[in-house]
Structure formats: C-alpha cells, structure tokens
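Just so we're clear, the structure is a prediction, and the values are computed from it rather than from any experiment.
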Amino acid sequence: MSTTESLPALVVRMVVDDPAAAIDFYVESLGGEEILRLADDNLGGMIIHAEVKIGQSMITLTQANPDHCNASPAALGGSPVLLSLEVEDADAIGAQMVANGAEVVIPIADRFYGKREGRLRDPFGHLWIITQTIEVLSEEEIRTRMREFFGGPSDD
C-alpha cells in the first residue's frame, strides 16, 4: 500500500537538442551538479537520460527524438513551461546565465509581491524564472500592492 511519503517527488524532464551542452550550461550557470549521464552506444552515443542536481532539486535531461515524441522547444517554436528557481542572488545567477548564452526575456527587478526576479531563455529554449525573496509579505499585503500596481478596483 502506497503512502504519500513513499511517492517520488516531481522531477522535471527536459528535452534538449544537445544534452551534453545543456548539462555544462546548468552546471556552470546554475551551480548544478551532474549526477548521472546515460548514453546509448547503439544510437551514436545519444544521451537518453541525464540527471543534474540544482540546490535541493533534480532535473533530468533527454535528447530530442521524434521517434519517442521528445520534442525540444526549438522543434515546438518555444517552451510553454516556466521553470522557477529560487536563489540567494538573482542578479548574479542571471548574469552567469547570460554570460553562458541565455537571453533575457524579462529583466530581473524588484516585484510588488516581495520578489526580485526575471525571466531568461536558456540556449536550449527553456524558460527560467530566476527569483529571490526580498521581503516576506502576507497575502493581504500582496493583494493591496497588486491593486496599486495594476490600478484596479478594490476586492471589497
């Protein structure tokens, strides 16, 4: 009988055109640690599974392969998924990502909801929200700031 304690955590599996380069990017840009790389010699050394630990989280990578319905963001015309990574210094991580080939989509800046964050597209087409908590706010404080920011009517 399963319990929620025995269920695995949600792990992101990212499809990329060049897993070896992606591993290097995530290690260099996000401070990741390569845990595992499995390549199939029968498929020309295609990386079929790789694991990179970033902080307390794990991402897995696989080579784009239409025979397995594994389409990279490039094949899809972009990524519909946003990966959010909480860091201690959003500016430093964002700068490191850009130095390694990422593109700024939304600049890192202070946000009304107590975060300093921005959005970057990595060289493989995946979208990352790099976020840093700068103040802890209550739900009401966020709602008030949201109304002020958007200039909308009160919830009252």
Side-chain angles (χ1 to χ4, degrees), residues 1-134 136-137 142 146 149-150:
M1 175 176 203
S2 292
T3 65
T4 55
E5 291 82 24
S6 66
L7 294 176
L10 176 66
V11 176
V12 174
R13 186 163 180 88
M14 299 165 63
V15 178
V16 295
D17 291 320
D18 187 347
I23 292 166
D24 290 344
F25 177 84
Y26 300 132
V27 167
E28 293 170 16
S29 298
L30 303 176
E33 175 187 0
E34 181 178 341
I35 302 298
L36 177 67
R37 183 186 304 214
L38 300 174
D40 188 333
D41 292 333
N42 295 325
L43 296 173
M46 177 188 292
I47 296 174
I48 58 172
H49 179 81
E51 297 174 359
V52 177
K53 186 174 182 181
I54 301 171
Q56 297 302 310
S57 300
M58 182 75 72
I59 61 171
T60 63
L61 304 166
T62 191
Q63 174 86 35
N65 183 342
D67 292 338
H68 293 124
C69 296
N70 289 343
S72 70
L76 298 173
S79 175
V81 176
L82 299 172
L83 302 161
S84 185
L85 181 64
E86 179 85 21
V87 298
E88 289 185 21
D89 187 342
D91 294 292
I93 295 295
Q96 188 65 37
M97 289 179 75
V98 169
N100 287 312
E103 169 193 356
V104 175
V105 176
I106 299 173
I108 294 173
D110 293 351
R111 308 294 177 192
F112 67 83
Y113 41 86
K115 302 283 187 177
R116 180 161 182 79
E117 68 181 29
R119 188 175 303 177
L120 295 99
R121 181 178 294 110
D122 71 27
F124 314 96
H126 292 283
L127 296 169
W128 292 82
I129 297 173
I130 302 300
T131 186
Q132 170 187 350
T133 300
I134 54 176
V136 178
L137 302 171
I142 294 171
M146 184 173 68
F149 181 80
F150 290 110

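Closest of all the heavy-atom pairs between L61 and P19 is CD1-O, 4.3 Å. Smallest separation of non-hydrogen atoms from G32 and V52: CA-CG1, 4.1 Å. The two residues G45 and A39 have their closest heavy-atom pair at O-CB, 3.4 Å. Contact between V15 and P73 at its shortest, heavy atoms only, is O-CD, 3.5 Å. S79 and G125 get closest at one heavy-atom pair: CB-O, 3.4 Å. Closest approach of L137 to G114, counting heavy atoms only: CD1-N, 3.6 Å.
The salt bridge (Lys or Arg N to Asp or Glu O under 4.0 Å) search around D110 returns R116, not counting sequence neighbours. Take R111 and apply the salt bridge (Lys or Arg N to Asp or Glu O under 4.0 Å) test, not counting sequence neighbours, and it matches no residue.
Under 4.0 Å is where a charged nitrogen must lie from a carboxylate oxygen, and between E33 and K53 no such pair does.
Between the T60 side chain and the V12 main chain, a donor and an acceptor come within less than 3.5 Å of each other. Looking only at distances, a side-chain donor or acceptor of Q132 sits under 3.5 Å from a matching main-chain atom of A90.
A distance of 4.5 Å separates CG in L82 from CZ in R119, rounded to the nearest 0.5 Å. Annotation: the span from I47 atom CD1 to N65 atom CG amounts to 13.5 Å, rounded to 0.5 Å. Here the CD1 atom belonging to I129 is positioned 11.0 Å from the NZ atom belonging to K115, to the nearest 0.5 angstrom. Remark: I93 CD1 to T131 OG1 distance equals 12.5 Å, nearest 0.5 Å. L36 contributes atom CG, which lies 9.0 Å from atom CE of M58 (distance to the nearest 0.5 angstrom). Here I48 contributes atom CD1 and T62 contributes atom OG1; the two are 7.0 Å apart, rounded to the nearest 0.5 Å.
Taking the side chain as every heavy atom from C-beta outward, W128 and L30 approach each other to under 4.5 Å. Taking 4.5 Å as the limit, every side-chain heavy atom of Q63 sits out of range of all side-chain heavy atoms of N70. Put simply, the side chain of F25 does not reach to within 4.5 Å of the side chain of H126, judged on heavy atoms. Between F112 and M146 there is a side-chain heavy-atom pair separated by less than 4.5 Å.
Each of I106, V98, L127 was compared with L120 under the side chain to side chain contact (heavy atoms under 4.5 Å, CB included) criterion, and only V98 meets it.
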